[in-house]
Q: 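Next up is a structure, given as structure tokens.
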There are 2 protein chains.
Amino acid sequence: MINDINIWLERLTSLYNSQVRHAANTEGIRPVHAEILQYLSICNRYSNTAQALSEYLGQTKGSISQSVQLLEKDGLIERRQCSEDKRVTRLFLTPKAQAIAERIGKVLMPNLGEAKEANNALKSLLMDWQLTNQHKGFGQCQTCRYNSLLSDGTFQCGLTGESLSSDEVKLLCREHEFQVRS
Amino acid sequence: MINDINIWLERLTSLYNSQVRHAANTEGIRPVHAEILQYLSICNRYSNTAQALSEYLGQTKGSISQSVQLLEKDGLIERRQCSEDKRVTRLFLTPKAQAIAERIGKVLMPNLGEAKEANNALKSLLMDWQLTNQHKGFGQCQTCRYNSLLSDGTFQCGLTGESLSSDEVKLLCREHEFQVRS
DNA sequence: GAATATAGTTTAGAGTCTAAACTATATTTA
DNA sequence: TAAATATAGTTTAGACTCTAAACTATATTC
């Protein structure tokens with residue numbers, strides 16, 4: 001009845017959440033603020049909005065809106081209206097917040113090894129889960145079906161047509177879609 | 001700089017939290033209440049206390065205490081003082097709560113496959129992480145250094161001396177310790 | 001140009017969270 | 001064995017979070 005793999009996942013998650021709480025405490029901020037800073041430090045330039053945060057964290061946009069206001073008041077986030085779509089406000093970490101995010105990252109992203117099998121296992125777990133739940137989005141461009149490697153060594157996003165550096169394709173994108181499996 | 005495996009873990013976790021929130025919403029309860037019911041449905045008989053919940057979820061015992069009170073008021077949890085140690089109150093799910101936990105489990109514990117590699121990958125990830133953070137506890141007895149298989153096919157816990165069924169060794173224990181690697 | 005969709009804000013009210021002080025029981029130490 | 005300390009849990013006050021729903025503003029579709 002109880003599937004071992006799900007128990008590992010359950011525990012891994014509760015441990016992760018525990019660490020977020022602890023790291024936030026150390027920095028003197030709320031856990032949800034730590035999550036927001038963490039997300040903004042690993043998302044790409046298409047994905048740094050309140051709407052994306054709401055989708056990523058699974059909270060209502062009202063809640064995100066309030067948290068972002070507090071973070072702005074504390075000098076951790078800077079908001080800039082998007083010139084192409086004036087409904088959109090893009091969020092940026094201030095240097096102070098970047099330093100915090102980096103310290104939090106050290107706690108949340110310890111060197112867990114580069115093991116190929118673990119990497120593949122987590123990836124296929126995530127694919128399965130996102131597919132069965134019709135959850136779309138949020139993955140690194142380098143694993144996205146719309147990403148292609150150009151002959152000059154740079155990458156290109158098939159959705160926006162823009163070119164991406166090798167650093168950029170490691171960031172999280174809200175438009176991300178896995179390759180459909182045959 | 002950004003390690004791929006950590007990004008998968010990060011996303012897996014946010015997705016899991018998202019699902020908890022969603023499942024809780026569907027059941028008309030708070031996310032943290034869902035987590036408490038979920039934990040109590042997979043922990044063993046040594047681990048169903050407020051203290052264990054506090055350690056597992058990484059929250060203060062004051063916070064857990066309040067949540068447990070609300071759950072009791074809603075008829076989802078029953079509290080019984082432990083006769084061996086009267087400081088301890090053991091927590092039990094009511095039938096109503098068991099039904100909820102089962103439905104939540106279906107969402108949080110989809111059939112993610114039994115793949116041996118994924119299983120091993122998650123396990124070693126968790127071991128590494130718990131070790132580097134000096135986090136002890138919370139794992140299935142079947143992977144615990146104190147657990148041994150008796151000749152009659154049952155199991156025995158080396159800490160309590162009690163014997164455990166093959167169902168029981170699949171539950172989470174707060175005293176869990178991995179085998180120390182040589 | 002009107003209808004609809006999308007991004008984000010605001011509000012009220014219920015609830016969560018923490019630290020710290022507290023009660024009660026158990027264990028250790030002198 | 002009595003005193004000191006440790007452990008399990010409760011209570012309190014106050015700051016903060018969360019959601020739903022109504023709202024503004026801009027963009028897209030028909």
Side-chain angles (χ1 to χ4, degrees), chain A residues 17-18 20-37 40 46-74 76-92 137 174-175, chain B residues 17-18 20-37 40 46-74 76-92 137 174-175:
Chain A
N17 289 336
S18 225
V20 169
R21 229 177 265 278
H22 183 254
N25 233 2
T26 305
E27 297 290 341
I29 63 178
R30 304 268 140 189
V32 71
H33 290 181
E35 287 184 293
I36 290 174
L37 298 186
L40 290 176
Y46 306 135
S47 312
N48 56 351
T49 65
Q51 181 63 35
L53 269 168
S54 164
E55 285 163 18
Y56 190 77
L57 298 177
Q59 299 189 344
T60 58
K61 36 189 199 152
S63 184
I64 296 294
S65 179
Q66 291 177 75
S67 293
V68 165
Q69 279 172 55
L70 280 179
L71 284 166
E72 190 182 26
K73 189 166 67 66
D74 291 346
L76 295 174
I77 276 186
E78 197 187 320
R79 308 195 308 178
R80 296 188 212 137
Q81 192 182 45
C82 176
S83 55
E84 286 164 34
D85 185 337
K86 288 184 176 164
R87 293 171 304 184
V88 174
T89 304
R90 303 215 165 269
L91 307 173
F92 299 91
R174 64 182 297 201
E175 305 290 351
Chain B
N17 289 336
S18 225
V20 169
R21 227 176 265 279
H22 183 252
N25 233 0
T26 305
E27 296 289 340
I29 63 179
R30 303 266 141 188
V32 71
H33 291 180
E35 287 183 292
I36 290 173
L37 298 186
L40 290 176
Y46 307 135
S47 313
N48 55 353
T49 66
Q51 182 62 37
L53 268 169
S54 164
E55 286 162 16
Y56 190 78
L57 298 177
Q59 299 190 344
T60 60
K61 38 191 198 150
S63 184
I64 297 293
S65 180
Q66 292 177 72
S67 293
V68 166
Q69 281 172 52
L70 279 180
L71 283 166
E72 190 183 26
K73 189 165 67 66
D74 291 346
L76 295 175
I77 276 187
E78 197 186 319
R79 308 196 308 177
R80 297 188 212 137
Q81 193 183 42
C82 177
S83 55
E84 286 163 34
D85 185 339
K86 289 184 176 164
R87 291 171 303 185
V88 175
T89 304
R90 302 213 165 273
L91 306 173
F92 299 91
R174 64 183 295 199
E175 306 291 351

Q: Please check this pair: side chain of A:Q81 against backbone of A:K86, looking for a donor-acceptor N/O pair closer than 3.5 Å.
A: yes
Q: Looking at A:E55 and B:S18, what are the two nearest heavy atoms and their distance?
A: O-OG, 4.4 Å
Q: With nearest nucleotides of DNA chain C determined for B:E84 and A:R79 from heavy-atom distances, which residue corresponds to the more 5′ nucleotide?
A: A:R79
Q: Is B:R79 positioned over the aromatic face of B:F92, cation under 6.0 angstrom from the ring centre and no more than 45 degrees off axis?
A: no
Q: What's the NZ-P distance between B:K86 and C:dT27, to the nearest Å?
A: 13 Å
Q: Anything under 4.0 Å to a heavy atom of chain A counts; send over the first and last such nucleotide of DNA chain D, read 5' to 3'.
A: D:dC16 to D:dA27
Q: Just to be sure I understand the rule, does A:T60 reach a base, reach only the sugar-phosphate, or reach nothing, if contact means heavy atoms closer than 4.0 Å?
A: base
Q: Under the side chain to side chain contact (heavy atoms under 4.5 Å, CB included) rule, what do B:C82 and B:R90 come out as? Steps first, then yes or no, please.
A: CA-CA 6 Å; B:C82 177; B:R90 302 213 165 273; 4.0 Å; yes
Q: Rounded to the Å, how far apart are B:E35 CD and C:dT16 P?
A: 12 Å
Q: Taking CD from B:Q66 and P from C:dG15, how many angstroms apart are they, rounded to a whole number?
A: 12 Å
Q: Can a donor-acceptor pair be found, under 3.5 Å and without considering hydrogens, that links the side chain of B:T89 to the backbone of B:R80?
A: no
Q: Heavy atoms under 4.0 Å, any strand shown: does A:V32 hit a base, just sugar-phosphate, or nothing?
A: sugar-phosphate
Q: Using the C1' atoms of five pairs at each end, what's the angle between the two axes of the helix from C:dG1-D:dC30 to C:dA30-D:dT1, to 10 degrees?
A: 40°
Q: Would you mind classifying the nucleic acid contact of B:S65 as base, sugar-phosphate or nothing, using non-hydrogen atoms under 4.0 angstrom?
A: base
Q: Let me confirm one number: the NZ-CD1 distance from B:K61 to B:I64, rounded to the nearest 0.5 Å.
A: 12.0 Å
Q: Only one of B:L70, B:I77, B:L76 forms a side chain to side chain contact (heavy atoms under 4.5 Å, CB included) with B:K73, so which one is it?
A: B:L70
Q: For B:Q59, answer base if it contacts any base atom (sugar-phosphate contacts may also be present), sugar-phosphate if it contacts only those atoms, and nothing otherwise; contact means non-hydrogen atoms under 4.0 Å.
A: sugar-phosphate
Q: Looking at B:S54 and B:T60, what are the two nearest heavy atoms and their distance?
A: OG-C, 3.9 Å
Q: Using a heavy-atom cut-off of 4.0 Å across all strands, would you classify B:I64 as base, sugar-phosphate, or nothing?
A: nothing
Q: Round to the nearest Å and state the distance from B:Q51 atom CD to C:dA26 atom P.
A: 16 Å
Q: Any base atoms under 4.0 Å from B:R21, or only sugar-phosphate, or nothing? Heavy atoms, all strands.
A: sugar-phosphate
Q: Without decimals, in angstroms, what is the distance between B:D85 CG and C:dA26 P?
A: 5 Å
Q: When you look at A:Q59 and A:V32, which way does the side chain to side chain contact (heavy atoms under 4.5 Å, CB included) test go after all the steps?
A: CA-CA 10 Å; A:Q59 299 189 344; A:V32 71; 3.9 Å; yes
Q: Under 4.0 Å: is that the gap between some side-chain N or O of B:H33 and OP1 or OP2 of C:dG15?
A: no
Q: Tell me which of B:N25 and A:L70 sits closer to the 5' end of DNA chain D, going by the nucleotide each one is nearest to.
A: A:L70
